[in-house]
Amino acid sequence: MNDILDKLNPAQKEAVETISGPVLILAGPGSGKTRVITHRIAYLIKVCKVNPRHILAVTFTNKASREMQERLSQLASSVAGSITMGTFHAICARILRADGTAIGVEAGFVIYDQDDQISLVKRAMQELNLDPKQHSPSAVLNQISTAKCQTFGPKDYIKRGRSYFEEVVGRVYERYQERLKSSNALDFDDLLMRTVELFRAHKAILERYQTRYVHVMVDEFQDTNLVQYELVKMISAKYRNLCVVGDPDQSIYSWRSADLRNILNFEKDYPEAKTILLGQNYRSSKTILDAASAVISTNKQRKPKELWTENDQGAPVTLAETYNEQEEAQFVVNEIEKLVSRQEAKLRDVAVMYRTNAQSRALEEAFIRYGTPYKLVAGTRFYERKEVKDVIAYMRLIQNPADDISLMRVINVPQRGIGERTVADLSIWAKPLGLSLYDALREISGQIAGDSQKVLFSPRTTKLLVDFFKMVEELKSRSQSSKLVDFFDRVVDSTGFREYILASPDGEDRWDNVMELRGVVKDYNELPPGEALSSLLEGVTLVSDVDSLKESTDTVTLITLHQAKGLEFPIVFIVGMEEGILPHIRSFDDPAQMEEERRLCYVGITRAKSRVYLVRAFRRNMMGGSNVNAPSRFLKDIPAALTTGSRPWKTEEKRIFQKEYEWAASPVTSEDESLPELQAGDAVRHAQFGEGVIIGAHPVRNDVEAIVAFKGIGVKKLLLSFAHLEKVE
DNA sequence: CGAAAGGCTCTTTTT
DNA sequence: GAGCCTTTCG
């Protein structure tokens, strides 16, 4: 049994053994946090003989939860499955499905994601005759979300409202909640807020959970918001065995209402709390840890804490400057190829991190051009793709016909002649009758049969509406009887979705996405029909992209800095180390946000075990135009002794001049090897870029890369096997 | 009345 | 460059 404690250092051991009362574990990066949590749970079960049913563990992502389950089953095999583990949202969804009826939440509710939330805000604003140009729906939603994270309902919000804007938001908020209710839907924030509401209103229910969960643990506590903390406090109030784990320096979700004060308040709310610092880093080289510390130590709103490692000094941090984002991507790919060919790393050891999703584009292009396998973690996130959301909306509508948002999404997809105007009219007609849009369709179908004289729509439109209604009814009856996959195929088939997708631009790719969704559907196939559908729908709303990150294949990982939290890689590239990108321009006028950018940079660097590359570009194309960005201020904070490569801020002006000159002049040099049919100096034509001159060429893998200066466009690097250059005389 | 085409504005990060 | 909205055409 002592193997649970054997391989732990003194601080880790203390964290594992302190099982009663409140505990705050401050865990630096790479300090074996996951290990401590899993060992602590194993210790509770195996040594203290705690029934696993009595343990609740909250994680930040589903992936973290799965990983913990896996590690746990190695330590305490058989029982690991029976503890409650998951994200706040997943756990709350479970609680509300079980007990939500007490506060009027029906068990069959659907969960609205951000996309749906925006649609609903727009709809609410429309109903209130508010101009979306005057108040942006996303700003309004933001306010609503913030309010919910502080458990302010519409009434509380309106009471507090001071400005004109808040008055408007209050009205929208009220209407928004009404609409959620009539659609039998909850949004992300509702899952949390309404669970708190449930517990406040029904002490008996709360007590049941309090009695069950004797031991409560929360991971990534620095990124919890007020409702989440409230929830945790309520559930653990009876036994006060609450263990929270976090690192204030890695708090990067304040824009999602995460509140660092939770950590400060924890010590206030639980004066008897024991605080344990995990300061030894087992992940990174000394150099990397020192560089990261140098970056984070500039923050003012922070308690310094001592981090150390017994790992080797390791390689210096590589700083690199490139001309633009294409060259930046090129540099990354070349460097990776070098590492791989020297057998210093496999592709799977490498992650390329960036601040904004848009930055992945240039990287992807370079990876594709060189044929280096990669996987993109976000981009257009899978479940947010139009084609995927559309199919899901069909299924949601079938499961919950009250879901107006889903109905509006699909009623004319593929186009069946039911336009905006018709839907608006339908909505206006349904509202005073208290009908959902779907029930309104049912009424209309009934009227046709009953030959009512009330004619709402033209005969043509009426027929279209009735046809749609009948189709959905038909599918609904299917959903009761068929296996989920058969039902899925039926949906895609009888709605005409398949032909519609295949006929659209990039149809093949989009169809592949639908088929990928079908693969997910298969996982639920063995459940009984009714249950299968609702589990599927909940699953697809609450998963994130990191959750599906597989380690098995040997590819480079492209990932945002936010998503990289909690992961580790031997080799990390951070690109876009520029003012305006990292730190992001939106943080310039707010010192608190600037500190968060710094933490983000810190999180990125500390993901690395052995090598870090910090790359920046002089020029970057953003919204059509091209910008010259100064090097990131974070680069300056890393002592020169820890780095290799150019310190860009010294040579910057010179570089800009040289580079701009070189590019503008596009001199035809003689650095070339000769090509099969083309050589330097040849004039060529390209389908997209027009006419140009070959500047140089060199072999790449089993291909040749040509460098071509195009008239009015600039210099491009092209692989001959792809580019189809045509020689011009 | 719906669909297609052109013009406008803004770009962070996500459970 | 893309999504969103408005205008125009059928």
Side-chain angles (χ1 to χ4, degrees), chain A residues 58-65 86-93 111-115 117-119 122 131-133 136-139 141-142 145 148-149 186-192 220 223-225 227-228 251-258 353-362 377-381 383-384 386 411-425 457-458 460-461 464 538-547 559-565 576 580-588 590 593 596-597 599-601 603-604 620-627:
Chain A
V58 188
T59 58
F60 192 73
T61 61
N62 294 299
K63 176 164 185 277
S65 145
T87 63
F88 273 106
H89 291 87
I91 289 167
C92 287
I111 300 167
Y112 276 5
D113 66 12
Q114 181 154 2
D115 225 43
Q117 293 180 53
I118 287 279
S119 311
K122 280 186 188 155
D131 182 3
K133 265 181 242 151
S136 100
S138 64
L141 177 62
N142 215 358
S145 170
K148 287 185 173 185
C149 289
L186 300 183
D187 68 14
F188 277 137
D189 302 313
D190 277 344
L191 292 174
L192 310 169
E220 306 284 8
D223 283 321
T224 55
N225 58 36
V227 217
Q228 290 169 334
S251 162
I252 53 175
Y253 282 92
S254 72
W255 48 273
R256 218 172 72 190
S257 299
M353 302 180 184
Y354 37 84
R355 176 65 235 265
T356 67
N357 282 305
Q359 288 170 260
S360 68
R361 184 179 227 104
V377 177
T380 311
R381 298 155 73 234
Y383 289 110
E384 282 169 22
K386 257 201 218 90
I411 193 167
N412 203 28
V413 177
Q415 285 127 358
R416 43 177 79 88
I418 304 173
E420 236 172 277
R421 190 60 208 265
T422 306
V423 176
D425 286 348
F457 299 101
S458 69
R460 178 182 158 271
T461 308
L464 292 169
E538 178 157 326
V540 299
T541 318
L542 292 180
V543 293
S544 66
D545 293 279
V546 200
D547 294 340
I559 193 168
T560 65
L561 286 161
H562 280 89
Q563 293 179 310
K565 188 178 74 157
I581 304 288
L582 183 66
H584 195 269
I585 191 163
R586 298 267 290 239
S587 65
F588 281 6
D590 181 350
Q593 279 196 52
E596 184 149 314
E597 296 292 306
R599 292 195 290 269
L600 201 47
C601 183
V603 166
R620 189 173 292 275
N621 290 321
M622 345 175 43
M623 11 168 185
S626 121
N627 293 338

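Here the structure is a predicted model, which means the values were calculated and not measured. Chain identifiers are assigned alphabetically (A, B, ...) following the order of the sequence lines, protein sequences preceding nucleic acid strands; residue numbering begins at 1 within each chain.
For the side chain to side chain contact (heavy atoms under 4.5 Å, CB included) criterion with A/Cys92, the lone passing option out of A/Val227, A/Leu186, A/Leu191, A/Thr87 is A/Leu191. Between A/His562 and the options A/Tyr253, A/Tyr354, A/Phe60, a ring pair (Phe, Tyr, Trp, His ring centres under 6.0 Å) holds for only A/Tyr253.
Counting to the nearest Å, the C1' atom of B/dT14 and the CG atom of A/Leu191 are 14 Å from each other. For the pair A/Asp590 CG and B/dT13 C1', the computed distance is 15 Å after rounding to whole Å. Taking atom NE2 of residue A/His584 and atom P of nucleotide B/dC10, one finds them 15 Å apart after rounding to whole Å. Computed from coordinates, the A/Asp189 CG to B/dT14 C1' distance equals 11 Å when rounded to whole Å. The interatomic distance linking A/Phe60 (CZ) with B/dT13 (P) rounds to 15 Å, in whole Å. Separating the CD1 atom of A/Ile411 from the P atom of B/dG2 is a distance of 11 Å, rounded to the nearest angstrom. Per the geometry, CZ belonging to A/Phe188 stands 16 Å off P belonging to B/dT13, to the nearest Å. The interatomic distance linking A/Leu600 (CG) with B/dT14 (C1') rounds to 13 Å, in whole Å.
Nearest nucleotide to the A/Thr356 side chain, out of B/dG2, B/dT14, B/dT13: B/dT13. The side chain of A/His89 lies closest to B/dT15, out of B/dG2, B/dT15, B/dT14. Relative to the side chain of A/Asn357, the nucleotides B/dT14, B/dC1, B/dA3 differ in distance, and B/dT14 lies closest.
Every ring pair (Phe, Tyr, Trp, His ring centres under 6.0 Å) that A/His89 has, sequence neighbours left out, goes to A/Phe188. Every salt bridge (charged side-chain N to carboxylate O under 4.0 Å, His left out) that A/Asp425 has, sequence neighbours left out, goes to A/Arg421. Considering only residues two or more places apart in sequence or on other chains, A/Ala139 meets the side chain to side chain contact (heavy atoms under 4.5 Å, CB included) condition with A/Ser136, A/Phe165. Listed by chain and number, the residues in a salt bridge (charged side-chain N to carboxylate O under 4.0 Å, His left out) with A/Glu596 are A/Arg599 (sequence neighbours excluded). Listed by chain and residue number, A/Ile411, A/Asn412, A/Arg416, A/Thr422, A/Val423, A/Leu464, A/Leu465, A/Phe468 satisfy the side chain to side chain contact (heavy atoms under 4.5 Å, CB included) test with A/Ile418 (two or more places apart in sequence, or in another chain). Residues passing the ring pair (Phe, Tyr, Trp, His ring centres under 6.0 Å) test with A/Tyr112, sequence neighbours excluded: none. Applying the side chain to side chain contact (heavy atoms under 4.5 Å, CB included) rule to A/Ala358 yields the partners A/Thr356; only residues at least two apart in sequence or on another chain are considered.
Along DNA chain B, the nucleotide nearest to A/Gln117 and the one nearest to A/Gly419 differ in position, and the one closer to the 5' end is contacted by A/Gly419.
Looking at heavy-atom distances under 4.0 Å, A/Arg421 makes contact with sugar-phosphate atoms alone, never a base. A/Ser587 comes within 4.0 angstrom of nothing in the nucleic acid, heavy atoms only.
At a threshold of 4.5 Å between non-hydrogen side-chain atoms, the residues A/Ser138 and A/Ile118 count as touching.
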Short heteroatom pairs, N/O only, protein and nucleotides 2-6 of chain C, under 3.5 Å:
residue: C/dA2; atom: OP1; partner: A/Arg361; partner atom: NH2; Å: 3.3

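A/Arg256 has no side-chain polar atom (N or O) that falls below the 4.0 Å cut-off from OP1 or OP2 of B/dT14. A close approach under 4.0 Å does not occur between any side-chain nitrogen or oxygen of A/Thr61 and OP1 or OP2 of B/dT15. Dashed line: the shortest gap from a side-chain N or O of A/Gln114 to OP1 or OP2 of B/dT15 is not under 4.0 Å. In terms of phosphate contacts, A/Thr541 brings no side-chain nitrogen or oxygen within less than 4.0 Å of OP1 or OP2 of B/dT15. Under 4.0 angstrom from either OP1 or OP2 of B/dT13 there lies no side-chain N or O belonging to A/Gln593. For A/Asn412 and B/dA3, the shortest distance from a side-chain N or O to OP1 or OP2 is below 4.0 Å.
Across the C1' atoms, B/dT13 and C/dC4 are found 22 Å apart, a figure rounded to whole Å.
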Reading 5' to 3' and counting Watson-Crick or G-U wobble pairs with both distances under 3.5 Å, write the dot-bracket notation for DNA chain B, | for bases paired outside the strand. ||||||||||.....
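Put simply, A/Tyr253 does not rest on the base of B/dT14: the two rings are not both less than 5.5 Å apart at their centres and under 30° in tilt.
At least one donor-acceptor pair under 3.5 Å links the side chain of A/Asp223 to the backbone N or O of A/Ile252.
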